[in-house]
Amino acid sequence: MTIETPARHTQPRGRQALQRSIAWYLRQLSRVLNVLSDEELERLIPHLTERRFKPRQIIFAAGDPAERVYLILKGRVKIFQVADNGKEIILDVVGKGDVVGDMAIVEDGERTATAQAIEETMAVSITWEDFSHLLQQSPRLGFAMMELMARRLAGMQRTFMNIVSKPVSARLADTLLARSEDGIIRLGLTHQELAQTIGTSRETVTALLSRFVTLGAISPIPDGYRIEDEDLLDDIAAGEIPVSPRHPVNAPASTMAG
């Protein structure tokens with residue numbers, strides 16, 4: 001999808017049809033933009049710039065000025081911070097239809113985290129100045145952005161609280177439950193990225209996933225897992241059944257916990 005101002009020779013009727021088409025697409029893509037009226041969306045479109053990012057390409061880094069907001073059209077982006085020991089802690093992973101860079105509202109002009117493309121990613125961006133002006137003109141958009149940031153901040157708080165207060169098996173189970181939908185867990189992350197989300201190693205994540213499968217809590221499916229025993233997974237997430245990644249995979253279920 002290319003977002004650009006139509007050429008001057010385009011007839012007004014054709015230009016309006018193109019803008020309506022783009023507006024419809026953006027509304028279907030993004031719950032945030034869905035609150036805008038057709039007129040507001042059509043005013044927004046000329047300010048959008050298409051951007052493409054290669055896998056592992058940095059979109060913005062911690063310490064950068066908060067200059068642009070991005071809407072992901074395709075691909076996935078991870079938002080992370082680097083701890084004092086040099087390890088990455090993934091705060092969020094966003095995909096198609098999600099907004100990146102919106103935390104500029106509370107970042108006091110400077111990025112507090114880094115955004116990096118996980119895979120080939122396409123986005124449209126708008127300057128923070130233009131986006132801020134739109135927020136002032138549209139109370140509905142401002143409210144939608146507040147809801148988005150509240151959810152994101154709650155997710156970050158949950159991540160940090162889990163890291164400091166829960167054993168790694170509980171953190172992993174909690175993450176799996178948070179990513180489940182109708183009993184299906186679509187990770188969308190490698191084991192390394194999942195490990196960075198919960199503050200552990202790739203080897204530990206791989207071992208624990210095997211333990212969860214052997215326990216009967218989950219079963220593998222293409223691109224993820226199916227929850228087989230939600231009560232068991234809940235108990236692990238609550239820390240009531242600690243699971244060690246060091247126990248052999250073929251051990252009896254009664255020896256896995258504790």
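Computed from a prediction, not measured in an experiment: that's the story for all the values here.
- Using modelled atom types, one side-chain atom of Q81 and one backbone atom of T112 make a donor-acceptor pair closer than 3.5 Å.
- Shown here for T121 and G75, the closest heavy-atom pair between the two residues is OG1-CA, 3.8 Å.
- For D174, the side-chain hydrogen bond (donor to acceptor under 3.5 Å, both in side chains) partners at least two apart in sequence or on another chain are R158, N162.
- Using modelled atom types, one finds no donor on one side chain facing an acceptor on the other under 3.5 Å when comparing R51 with S125.
- With contacts defined as side-chain heavy-atom distances shorter than 4.5 Å, the pair I236/L215 qualifies.
- In this structure, E119 CD and K74 NZ are separated by 8.5 Å, a value rounded to the nearest 0.5 Å.
- Here the side chains of E228 and I218 are not in contact, with every heavy-atom distance at 4.5 Å or above.
- Residues R52 and Q57 come closest through the heavy atom pair O-OE1, 4.2 Å.
- Annotation: the span from K78 atom NZ to R56 atom CZ amounts to 6.0 Å, rounded to 0.5 Å.
- Applying side chain to side chain contact (heavy atoms under 4.5 Å, CB included) to V93 and the options I79, D98, I118 leaves one that passes, I118.
- Taken to the nearest 0.5 Å, the CZ atom of R186 stands 6.0 Å off from the CG atom of D223.
- Around atom CD of E240, more than 12 heavy atoms belonging to other residues, nucleotides or ligands sit under 6.0 Å away.
- Pairing each heavy atom of A115 with each of V100, the nearest pair is CB-CG1, 4.0 Å.
- Considering only heavy atoms from C-beta on, F212 stays 4.5 Å or farther from Y225 through its side chain.
- The closest donor-acceptor contact from the side chain of S180 to the backbone of L177 lies under 3.5 Å.
- A distance of 11.0 Å separates CZ in R171 from CG in L194, rounded to the nearest 0.5 Å.
- No donor-acceptor pair closer than 3.5 Å links the side chain of S169 to the backbone N or O of S244.
- For the atom pair CG (L233) and CG (L176), the distance works out to 6.0 Å, reported to the nearest 0.5 Å.
- The nearest pair of heavy atoms linking A217 to L232 is CB-CD2, 3.9 Å.
- Considering all non-hydrogen atoms of both residues, R179 and L187 come closest at NH1-O, 3.4 Å.
- Residues V213 and I221 are members of separate hydrophobic clusters, defined by side-chain heavy-atom contacts under 4.5 angstrom among Ile, Leu, Val, Met, Phe, Trp and Tyr.
- Nearest heavy-atom pair across I89 and A83 is CD1-CB, 4.3 Å.
- With F80 as reference, Q116 is the one residue of Q116, K87, Q196 to meet the side chain to side chain contact (heavy atoms under 4.5 Å, CB included) rule.
- Residue pairs meeting the side chain to side chain donor-acceptor pair (under 3.5 Å) criterion with at least one partner in residues 200-209, sequence neighbours excluded, are H191-T206, S201-T204.
- I198 and V82 fall within the same hydrophobic cluster, where Ile, Leu, Val, Met, Phe, Trp and Tyr residues are linked whenever their side-chain heavy atoms come under 4.5 Å apart, directly or through other members.
- Rounding to the nearest 0.5 Å gives a distance of 10.5 Å between CG of L209 and OG1 of T214.
- Shown here is N85, whose CG atom has more than 12 heavy atoms of other residues, nucleotides or ligands within 6.0 Å.
- Considering L134, L44, N34 in turn, L134 is the only one that fulfils the side chain to side chain contact (heavy atoms under 4.5 Å, CB included) rule with L141.
- Panel note: side chain D64, backbone A61; a donor-acceptor pair is recorded below 3.5 Å.
- Taking the side chain as every heavy atom from C-beta outward, P65 and E110 never approach each other to under 4.5 Å.
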